[in-house]
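Working notes, structure below.
Sequence lines set the chain letters: A, B, ... in the order given, protein chains first and strands last, and positions in each chain run from 1. Bear in mind the structure is a predicted one, so any value in this text is a computation, not a measurement.
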There are 2 protein chains.
Amino acid sequence: MTSVFLEPGHNHAHCAADVIAHAEKICTSRAQKLTPMRRKVLEMLAGSHKPLGAYEIIDAVAGSGPRPAPITIYRALDFLMANGLVHRIASRNAFLACGHNHDSGALVTFLICEVCGTVGEAPAAEVSRTLALAAQGVGFTPKMSVVEITGLCAHCNSQRASG
Amino acid sequence: MTSVFLEPGHNHAHCAADVIAHAEKICTSRAQKLTPMRRKVLEMLAGSHKPLGAYEIIDAVAGSGPRPAPITIYRALDFLMANGLVHRIASRNAFLACGHNHDSGALVTFLICEVCGTVGEAPAAEVSRTLALAAQGVGFTPKMSVVEITGLCAHCNSQRASG
DNA sequence: AGCAATATGGTGCAGTGCAGCATATATGTC
DNA sequence: GACATATATGCTGCACTGCACCATATTGCT
């Protein structure tokens, strides 16, 4: 899974399965428990490449069982974020499943399409390096980075140009 | 004003005055009105180099007059942000006065100290360039960027090392 | 004065996010 | 199995974020 943006209409069920499989591996290797609630929250996020708000997750989970309280969702999200399985999109107060295998502290650059809402992760090594340099230049020691770019993805851009 | 991080205990009143003077110039040149409420909100933000939450601003404004409703503050903030006088720190749901003179759309890199809460703006030209390249590489057209680095500022870092 | 545009005030509400406590479920120990 | 411990979930409540909608005041223009 090296593609950054996915074609619209690709098989979500497949990548959701990938994400869950990855999560199980991670949790097993760390002696962490992927409980039913945590798994369900992750499934809902993995089934959408759009970031979901907390209440959207509640609604989604409520579709297949009793309606969970907000705190239940936040607790599941905290667990998933701590294990690098879910990212928070700060500029949207929303959450996104992550199939990649990067540590929770690593720099991830998000590209958020303002038309279709899809979120991609850009190759960030170079960005990470220049950011580190810029921080170093003023004596700042970085711990956690939030890099979120809003704009138009390639697909929506060409749609608009040809439309 | 080229310094990125300011010494603790420097003259806040002075930089607040600078910010207000700059805001008046901007508003005059654009035929925009810096009304009392907008000015007061900007003063409160300029008097603190820490980002303030909406309710902190309400409390601050309430200290010198009637207590404004949240919507009043958000409207003032919207105006100030539209004119590039205030930045939003998405990762904190907070707001920060900006004395610099960059357009509202330009990329700004924030360095947020997790000890003292001070926020600096890093020289971002290089970061901006690599980000643009990374986006371009996947066919993404950027509109607005959020770059927020949490960590330790030089001052708190040396405090911690020597302490 | 009358009209339009803008700014502020007020009420209300949906969403975000967590504290504190009670209950259930798993895990280890005797 | 009985028990203690740790962890996860459920539940209530609340503070903060952010805006919609409408009423009022203020400003500017004719």
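- Taking only side-chain atoms of B:Thr35, from C-beta outward, the nucleotide of C:dA7, C:dG17, D:dT9 with the closest atom is C:dA7.
- In this structure, the NZ atom of A:Lys40 is 9 Å from the P atom of D:dG10, given to the nearest Å.
- Here A:Phe110 and A:His87 bring their ring centres to under 6.0 angstrom of each other.
- Remark: side-chain polar atoms of B:Ser48 are not paired, donor with acceptor, to backbone N or O of B:Leu45 under 3.5 angstrom.
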Polar atom pairs between nucleotides 24-30 of chain D and protein, under 3.5 Å, N or O only, would you list them?
none

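- One interatomic measurement links the two molecules: CG of B:Leu77 to P of D:dC19, which rounds to 10 Å at whole-angstrom precision.
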*B:Val147 vs B:Ile149, side chain to side chain contact (heavy atoms under 4.5 Å, CB included): CA-CA, chis, key distance, verdict*: CA-CA 7 Å; B:Val147 181; B:Ile149 317 297; 4.2 Å; yes
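- A straight line from CD of B:Gln32 to P of C:dA5 spans 16 Å, rounded to a whole angstrom.
- Going from atom OH of B:Tyr55 over to atom C1' of C:dC18 covers 16 Å, rounded to whole Å.
- There is no path of hydrophobic side-chain contacts, each under 4.5 Å, that joins B:Met144 to B:Leu133.
- In this structure, NZ in B:Lys40 is found 13.0 Å from CG in B:Leu42, a value given to the nearest 0.5 Å.
- If you take CD1 of A:Ile57 and P of C:dG17, they are 10 Å apart, rounded to a whole angstrom.
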*Check the pair B:Ser29, B:Glu24 against side chain to side chain contact (heavy atoms under 4.5 Å, CB included), reporting the backbone distance first and the verdict last.*
CA-CA 8 Å; B:Ser29 74; B:Glu24 276 173 346; over 6 Å; no
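- The separation between B:Ile89 atom CD1 and D:dT17 atom C1' is 16 Å, rounded to whole Å.
- Distance, A:Glu56 CD to C:dA14 C1': 13 Å, rounded to whole Å.
- A cation-pi arrangement is absent between A:Arg88 and A:Phe95 under the rule of less than 6.0 angstrom and at most 45 degrees off the ring axis.
- Each of A:Asn93 and A:Arg38 was matched to the nucleotide of DNA chain D holding its nearest heavy atom; the match closer to the 5' end belongs to A:Arg38.
- With sequence neighbours left out, the side chain to side chain contact (heavy atoms under 4.5 Å, CB included) criterion links A:Ser128 to A:Leu107.
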*Taking it one step at a time, do A:Thr109 and A:Glu121 satisfy side chain to side chain contact (heavy atoms under 4.5 Å, CB included)?*
CA-CA 6 Å; A:Thr109 297; A:Glu121 300 184 11; over 6 Å; no
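- In this structure, B:Arg39 atom CZ and C:dA7 atom P are separated by 15 Å, rounded to whole Å.
- Contact annotation for A:Arg88: backbone-only contact, meaning every heavy-atom pair under 4.0 Å involves sugar-phosphate atoms and none involves a base.
- Against DNA chain D, the stretch residues 69-76 of chain B makes heavy-atom approaches under 4.0 Å through B:Ile71, B:Tyr74, B:Arg75.
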